[in-house]
Every structure is written in C-alpha cells, then in structure tokens.
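Residue numbering restarts at 1 for every chain, and letters A, B, ... go by the order of the sequence lines. Quick caveat: nothing in here was measured; it's all calculated off a predicted structure.
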There are 2 protein chains.
Amino acid sequence: MQGREREVGNFEILPTRCARCGLQELCLLCSMALQSGSQAEETIYSCRELKRAARLYRSGDAFNSIYFVRRGFFKTLKRRGDGRAQVTGFFMSGELLGMDGIAPNIYTCDAVALQDSEACVFSYVRLAEFSRRNESVQRQFHKAMGSEIERVQGLVALLGTRRAEERIALFLLNLSQRFAARGYSPSEFVLPMTRDDIGSYLGLTIETVSRMLAMFQGAGLIRVESRHIQIRDSAGLRQTAGWTHSTK
Amino acid sequence: MQGREREVGNFEILPTRCARCGLQELCLLCSMALQSGSQAEETIYSCRELKRAARLYRSGDAFNSIYFVRRGFFKTLKRRGDGRAQVTGFFMSGELLGMDGIAPNIYTCDAVALQDSEACVFSYVRLAEFSRRNESVQRQFHKAMGSEIERVQGLVALLGTRRAEERIALFLLNLSQRFAARGYSPSEFVLPMTRDDIGSYLGLTIETVSRMLAMFQGAGLIRVESRHIQIRDSAGLRQTAGWTHSTK
DNA sequence: CGCGCCTTTGAAGGAGCTCAATTTAGGTGG
DNA sequence: CCACCTAAATTGAGCTCCTTCAAAGGCGCG
C-alpha cells in the first residue's frame, strides 16, 4: 500500500514500447499501464532478446519473473534425473511463460528459444503488488495461471487417451489455430521445433512423428516439406483427430 | 475496498470449526481468519458433506468456488466428447480443488467423492477480494495455483516418458508420501479408487494395472489384497520407479 | 563444400491393449 | 446372517500399435 517511487527512467519507455507491440489485448503489462493511467508510474517492464537455442530461464533458477513472449517461439522442458527431458509446452507471441516457478519459488523447467525471440519480463513481486491494487489485473493474472492449468490438463488428456495419429493431428490443429489467432495463415506455416521436440511433447518417438506426417501426406490431409506444413484438408484432419472440437 | 458488512451469522462458526479442523497450516481460510484477527469478519466459509460418488462440481457448472478437502478423497475427471473420460487427479484432505474453473469461469472437470467426504467452500470472489488486501493470503493462493500447475506437469512427464511399471510404482510412492504427510502409515493404506480410476489416471488399462500390482507382489515389493496395499520394500519400489526422487 | 544434425524409411520386436472367461468383493434384501 | 446380485478385479491368449535398431538421405551452416 505504500507509495512506490516514480521511476523516471522508465517513464517514457513503457508506453512507447507497448504501443508498438501489437499484443495489447493479451498483455498483462499493457493492462497495467492502462489501469495506472498516463502516468504509467508502475513500470515493471523490461525486455530480453534471445538468439535461437538461448535459454530464457533454467530449471533451478530463482523465480523472479513471469515472461511474456513478444516475438518468436519458445519451448519449455522438464529435465529428468537421467539426462532425458520432456518438452512440456510450446509458447508463441502473446503467451506467458514461467508459471512453473510460482509454487516452488524456483523454475522447474527450462525455457528455450526456438527462434530468435523477444520476451517482456514481469517482476513477479511487482505484478503481485499491482494485482493487489487492481482487481482487473488480478483477474487477468489469475486467468493466466488458470489457462496454464487448463493447457497442461489438456495435454494430460491427450497423453492419457489418444493414439499417435490423433496426437499429431491435434497438435497440428492446435498450432494452426494459434497461428490463425495471430493473423497468420492457419493452413500454411513453418514448424519452429524439431521432430524430436514434437515427439517429446506428444510422448512419441521421432520416427513415429515422421511416419504419421508421411501418412497424413499420403492421405492428402497435409503437405509436408521438412518443417513447412500445409494443411490441405482440415476437416479430414479434425476427423483423424477424433473430432472432439480440435481446440485442445 | 468498500467495507463489507459483518455477517453475524457466521461470526462464531468460523473460528470454532477451523479450530477443530486440524489442517490449519494447509488452509487458506484459516490463514485468512488469522490475518483478519479475532474479528474474523471476512467469513467466506461454508462446508459441504458428500456421500461416496457424489459430485462436488460438474463440468460446465459456473465457477464460483475453490474447494478445500477437509475429510475424504476426491477424483477429478475430464469428460471427452465421446463418453470416455480421463481422471486428472486424486485429492485428499488438505488439498484444493476447482482451479480448473478459474480461466474459463466454468469448471471443466467433474469432481467426484471417492468416499464420504467433506469440503470447505471458498467463494472465489471473496478469496480474490481478501487476497487483494492481504499479501500473505495472496501469496498462498498463488502458490496453490502454482502447485496445481506443478502437479499436472508432473503427470505430463509421467505420461510422456514412463513405462507402465514405473507409472504404477510412482503412483504408489506418491500416495504413500501423501498419506505419511497426514500422519497415516506410509507403508500400509487402502486405495480409495478403483483400478479403473488408476488406469485412467496413468494412461493404462485396468488389466495392466492389475498385472503390474500382481508383478510387484510377486517380486516382494508390495502386498496387495484388493484395495489394501502394503509396501514391503520401498527402496525396491523406488528403484522400479526409476529412482528420480519418487516425490512426483 | 563438407560436416553435423535432422529427417526419412525399413524391418523386427515388444510393451501394453483387446477380447474373453472367471473369480472376488461389496452392497442389499430376505 | 446368508443368499443374491452387480460391480470390481484377476488372469490368460493373441494381436497391434508403437518402439527400437539400423541405414541412408537431406538440409543448413560454418
């Protein structure tokens, strides 16, 4: 509740940068900036650029920040005792990263850039502070955490009940939809991740991923050319996925 | 921020009931009661008793509450378009339920009592309100959501990388640990869920669950008698689980 | 242009599923 | 308290989907 000092250094930066971002409607920070009026005194903003394969955070790092993907593509992976690791998610622009660190207060995943990327950094402490003062920010933050719960539960359902064919189909449809929501083509896109990443994410081997994609191509559902994917029969793909809404 | 009217009807009930609960250190509500001092004017408490097989909430219900398991045992399950369903979690006393509803504002799972149970009902709105006024309640609530994320991510890792044998071993060790944390025997307990539930949760068939338990018994790791489980060689069981800490 | 990594494709094997038949347990009413 | 009935659990046999192992091809990048 105590007044926080105005940080003049950031005063200009915040609205300028956010104005150019194009993701206002998704962004917690922008919502905060709006809520706090033109003064924007509660700057909790900073930004990180990452080259492909760079890590945004690592398992074991102290949890201080939630990250907002401004540009690019990330994967998160959970390391296991024995060198093996499991990809637990793919994150594109407008999505939030780092919530795996909230409870244990250290991150328990690695977040790795799959392309050259840019992420906004939210101080968790200030985010919490702000959401105590502002109901709509609080609600938005809760929703972000809730969405992460939803997302992972959807993955559990996929891993628990779907066959390889369905998993791949659902994966493609999910990507397609997320691309579409960002104004890109839903029917033609480039996979930023390797077959290995996909396999790990879906609980399949790289060979199975490859074979299923080949099979889909053979059936005329898609066209594959290395990482370039074209969806030619999205209805057929949805059917292959087992119907049930394709939105997961 | 506006002052909420004191609700005299609940005035006495809260501290009395909570005092008898024995789960104070786990309970958001108690923490709130403590924080608000002896007045306890912010009663957001109510309690529901459920018979076995009764539903605490259903998929599609409006999201209003987070539930705290005071006594008994619950499972949550996600329905799929085609009658099939997947168990997404088991919850015992001291654990929170209902966070699947936060983002979509309706529940997306069913929560079913596996035994006669009792759950405290937290109004989400009042919880949010309270956590705006009180930093430690806020932190605790965030941690609860974070733990749920962690839990489900652990399940993803299990479903994505573990063999049947390991899944069952990890499942038993996880239960054992949670029973131990509640003062019950870690080496002898009764499973409140069916083999079907276990199979669904672990992405296995009922037959595989049954066979693995029989196998463990044959190896002298456990004793099984219907739902009664006795762990005879927890080190061996941990080894079967693939080491990696057994805490997941 | 050559090296490493990613990907594809094939063939064989196995872990877990499906189908089917019994046995057992738990709840109910006589 | 026992008999009954239904749901839950066990066990077996065969099969299948996916993995494992192996080898070759392709792409990107220094």
*In sequence, state the C-alpha distance, the side-chain angles, and the governing distance for B:Arg151 and B:Glu95, and then conclude on salt bridge (Lys or Arg N to Asp or Glu O under 4.0 Å).*
CA-CA 12 Å; B:Arg151 185 188 71 77; B:Glu95 296 173 336; over 6 Å; no

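- For B:Arg195 and C:dG26, the CZ to P distance is 11 Å, given to the nearest whole Å.
- Between the CG atom of B:Leu114 and the P atom of D:dA8 there is a distance of 12 Å, rounded to whole Å.
- Atom CD1 of B:Ile206 and atom P of D:dG12 are 16 Å apart (whole Å).
- Computed from coordinates, the A:Leu159 CG to D:dC18 C1' distance equals 15 Å when rounded to whole Å.
- Counting any heavy atom pair closer than 4.0 Å across all strands shown, A:Gly199 reaches no nucleic acid atom.
- A pairwise comparison of heavy atoms in B:Tyr57 and B:Asp100 identifies OH-OD1, 2.9 Å as the closest pair.
- Residue A:Thr194 is classed as a sugar-phosphate contact, given heavy-atom separations below 4.0 Å to backbone atoms only.
- Phosphate proximity of C:dA25 to B:Ser226: absent, as no side-chain N or O sits under 4.0 Å from OP1 or OP2.
- Checking the phosphate oxygens (OP1, OP2) of C:dG16, no side-chain nitrogen or oxygen of B:Thr208 falls inside 4.0 Å.
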*Apply side chain to side chain contact (heavy atoms under 4.5 Å, CB included) to the pair A:Leu114 and A:Arg52, showing each step before the final yes or no.*
CA-CA 5 Å; A:Leu114 292 170; A:Arg52 192 167 69 78; 5.7 Å; no

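- In terms of position along DNA chain D, the nucleotide closest to B:Ala214 lies nearer the 5' end than the nucleotide closest to the other residue of the pair A:Gly203 and B:Ala214.
- Regarding B:Leu213, its CG atom lies at a distance of 17 Å from the P atom of D:dA8, rounded to whole Å.
- Taking side-chain N and O atoms only, B:Arg211 has no distance below 4.0 Å to OP1 or OP2 of C:dG16.
- The side chain of B:Thr205 places no N or O atom within less than 4.0 Å of a non-bridging phosphate oxygen (OP1 or OP2) of C:dG16.
- Judged by distance alone with a 3.5 Å cut-off, no donor-acceptor contact links the side chain of A:Glu165 to the base of D:dC17.
- Map B:Arg52 and B:Met212 each onto its nearest nucleotide of DNA chain C; the residue landing nearer the 5' end is B:Met212.
- Between B:Glu165 and B:Arg167, no side-chain nitrogen of the basic residue sits less than 4.0 Å from a carboxylate oxygen of the acidic one, so the salt-bridge criterion is not met.
- Within 4.0 Å of A:Arg227, counting heavy atoms only, lie sugar-phosphate atoms of the nucleic acid but no base atom.
- Across all their heavy atoms, B:Gly203 and B:Leu159 have their closest contact at N-CD2, 3.8 Å.
- Among the heavy atoms of the strands lying under 4.0 Å from A:Arg163 are primed sugar atoms or P, OP1, OP2 only; no base atom is included.
- Between the C1' atom of C:dT18 and the CG atom of B:Leu204 lies a distance of 15 Å, rounded to the nearest Å.
- If you measure from atom CD of A:Glu207 to atom C1' of C:dA11, you get 12 Å, rounded to the nearest angstrom.
- In the interface, the side chain of A:Glu225 is not paired with the base of D:dC27 through any donor and acceptor atom under 3.5 Å apart.
- In this structure, B:Arg167 places its CZ atom 14 Å from P of C:dA15, rounding to the nearest Å.
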